[in-house]
Structure formats: C-alpha cells, structure tokens
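Owing to the predicted nature of the structure, the values given are computational and were not obtained by experimental measurement.
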Amino acid sequence: MAGDDIGVECADSNDIGTVLASEGIDFLLSGEGKVPLSSTEGKTVCLFFSANWCRPCRTFTPQLVQIYNSLIKTGRMIEIIFVSFDRDETGFVEHFKSMPWLAVPFNVDLHRRLIERYHVDRIPSFIPLGLDGKSIEEDAIEFIEDYAASAFPFTRQRKEELKAMDNAKLHGGKVEQLLTNEGRNHVISRAGREVLVTELVGKTIGLYFAAHWCPPCRAFTAQLTEAYNKLVAAPNQSFEIIFVSTDRDWQEFNQSLSNMPWLAIPYEDKARQDLCRIFDIKGIPALVLLGSDGKTISTNGRAIISSYGAMAFPFTESRTTEIEAALKEEGDALPRQVKDPKHEHVLKLDRAKAYVCDYCKKTGRFWAFSCDVCNYDLHPTCLEEKL
C-alpha cells in the first residue's frame, strides 16, 4: 500500500510507558475517556501513525479495526496506540472516532517528538514494539495487508513463518492446502451447492482471479466459459475452474458468479486474499493452471486460453508445442494469398486468435484469409478459388 511520504529505524530502548511518561504524558485516551499508561503492560503494543487528511490512512484504518477486533475477540493481548499526524485537534477527534484502541492526547509538539523518536517518514505507519517492550520491528503496513490477523504478533519471525507456509502451499502440490481454510473444506457453485475440495483432487484446475467491475474480466470470462463447457462435456477431460473473486462487495461477487458455470471460493473467506498473495496476482483477469498433481503448470493461463481455447488441455508446455506444430503444418499447406469470387480484393493468409468469417458468419480461429484493403475475413474452408 502506498502511503503518504512524510521507514522506521531503531529508537531508544525504553518501553512505551517510560517513553510517554518522559514526554510528560500522564494518561492515554480511549473512546470512553482517560486510560492509565499501565493499561498497556503485558500486551503487544503497536504505534499507529495516521491522519484524517490522509486518504491511504482512511482506507487502511477500517482494515486495521477489523483485524484488531478479531485479535481481541480471540483473546490476543494487543494494544494499539494512535499517534496523530493531524494538523489540528478537530481532525484528530474525527479520525479517532473510527478507532477502538487508544491514542496519545493531541499535542502537535508531542507528536512531532514521537515521530522523530521513531523515525517515521510516511503514513500510515504501523510500528510493533517488541514483546520486551523495547525493540522495534519494521513498519508492518504491507505485512498486515498481506496476512491480516495472521500476522500477529507482527515480528520478523512471524513473517518468515508465514512466507514459509505460503511457499509450501505454492510448491507442495496439495490442492486441499490451497483451497481450504480453517472451518471450510468446500467450494461453492453459483446455486450455493457445496462441493468438497477432496472431490477436486486429481483434476486439472484453473484458479480464475477476476471481478465484475473489470471490463477485461467480463470479456475473458466469455472465452473461458466456451473452453470450460467444451472440456466438461468431453470424455476423459477432468477439469475444473475455481473463481477467486477480487470484487469489492458481496453483491458484485454474486453478479460475477451468476455468469460463471464453475465453482468459487466463498466471498467471506480469507483464502481469496491468500491465493492472490501466494500466486503474486498483480492484475486481473488472471488464470493460474494447476496440473492433476496439484502443482502449477502456468500462471499465464489467460494467454493460453486466448490463444488456443479448449484444445490446449491439459495446458502443458508439450501440448502447446504439439498445437503449434500442427498449426504450422496446416498453415504451410495453405496458399499465401488467394482471389476468391466472393470478394473484390486479394486475400492474404493471416494468423488470428479469433474472427468471424464474413461469408459463413461462423467464428474461426488460427488461420484466415484477410483483406488488407477492407475489414474482410474468410475461413479457409469457405475458399472457392486460389491464385
């Protein structure tokens, strides 16, 4: 997440209560009033530097609220202390209204000293203090965005543990580990039917990352649906697609899924975010293809489907090589240009992913005879005369 530039280095090795007391602070603030500094003792303490005028801060704060409430609900000993970057007390009060944790009383000079003490140069910044109350971990904003409540207690050790778990899921070939979550062992259909993930083991699987608000996704969904329907109707083609939504809300998710004949990760499940992170999804639509052994075949399934459609199954490199060899042989057998009585201009042989033949009005792909003068395409099977 890009914050507003205003980095974190080591501060003096004093616990936060001592630091605040040394600055003349006698209490912290909660939504109900004053709280003694001792209220943070025995807890993992994190400093949250933020401001009401900062858009990235206002975007991140609700995420942090959800994570904080989840941790408190599960009995985790955590406290967050808000340190304001606001320019006046009005902004501070307005921003603090949205926070269930504590805050340092508003004082521009005091906040400036804390910012300097902890070497904060951008907001939002989230700085976990070590479990000993002294050492400081690096700014954990991106860590929290990636792992949410699982990031607790936000240490380097925890980050390494989570990355190792991601790596095991990425390379382990275990579909159950990738697609299930604590308390959920199934995926869902658009009708709401639950399908056990164990039923998908041994199938070639496409993980489809998309959203209703994305026009390129809607266009590719049509292509993918065509390929999917051909494959599920064919014998001995064990294939399934799992929709991994990046929609903004439940309503958009339902709109997306209503146009898809395949299965989906439930919208409320954090596995959606986990899969985006594990496969490093940077843009949508994206299609990750997993082989029958559960291991990744390709992270560029979109290009494979766009180029070859269902005939690319099982989407291996050797299958792509076979298709290209067959297409080359087919193209070599066709004339380079033709003059057909159905069209006034010379038509030249061209390679196209998909087109509509202007004579038979049917969709064609791969080879076409096209006009350089006008937008006319002729399927090779519709050809009458050759030069």
Practice problem: Under the ring-ring contact (aromatic ring centres under 6.0 Å, His included) rule, what do F315 and F239 come out as? Steps first, then yes or no, please. | Solution: CA-CA 11 Å; F315 312 114; F239 181 57; 5.5 Å; yes
Quiz prompt | Test salt bridge (Lys or Arg N to Asp or Glu O under 4.0 Å) applied to D109 and R113, step by step | solution = CA-CA 6 Å; D109 291 335; R113 292 196 298 273; 5.5 Å; no
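Atom CG of residue L327 and atom CG of residue D332 lie 10.5 Å apart, to the nearest 0.5 angstrom.
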Which side-chain N or O atoms in residues 261-271 pair as donor and acceptor under 3.5 Å with protein atoms at least two apart or in another chain?
{"unit_1": "Y267", "atom_1": "OH", "unit_2": "D247", "atom_2": "O", "d": "3.1"}
{"unit_1": "Y267", "atom_1": "OH", "unit_2": "R248", "atom_2": "O", "d": "3.2"}
{"unit_1": "Y267", "atom_1": "OH", "unit_2": "D249", "atom_2": "N", "d": "3.1"}
{"unit_1": "D269", "atom_1": "OD1", "unit_2": "N181", "atom_2": "ND2", "d": "2.7"}
{"unit_1": "D269", "atom_1": "OD1", "unit_2": "A271", "atom_2": "N", "d": "2.8"}
{"unit_1": "D269", "atom_1": "OD2", "unit_2": "R184", "atom_2": "NE", "d": "2.4"}
{"unit_1": "K270", "atom_1": "NZ", "unit_2": "D274", "atom_2": "OD2", "d": "2.9"}

With a 3.5 Å cut-off and sequence neighbours excluded, list the donor-acceptor pairs that the side chains of residues 214-223 form with protein atoms.
{"unit_1": "R218", "atom_1": "NH1", "unit_2": "H212", "atom_2": "O", "d": "2.5"}
{"unit_1": "T221", "atom_1": "OG1", "unit_2": "Y208", "atom_2": "OH", "d": "2.8"}
{"unit_1": "T221", "atom_1": "OG1", "unit_2": "C217", "atom_2": "O", "d": "2.7"}

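Classified by interplanar angle (parallel below 30°, tilted 30° to 60°, perpendicular above 60°), the ring pair F92/H111 is tilted.
Of all non-hydrogen atoms in L378 and Y355, the two that sit nearest each other are O-OH, 4.1 Å.
Taking the centre of each ring, F369 and H343 stay at or above the 6.0 Å mark. Residues F60 and F126 place their aromatic rings such that the two centres sit no closer than 6.0 Å.
Between the side chain of R336 and the backbone N or O of K348, no donor-acceptor pair lies under 3.5 Å. Between the side chain of R190 and the main chain of S258, a donor-acceptor pair closer than 3.5 Å is present.
Of the N and O atoms on the side chains of H95 and S50, at least one donor lies less than 3.5 Å from an acceptor on the other residue.
For A149, the side-chain contact (heavy atoms from CB on, under 4.5 Å) test picks out I67, S70, L71, with sequence neighbours left out.
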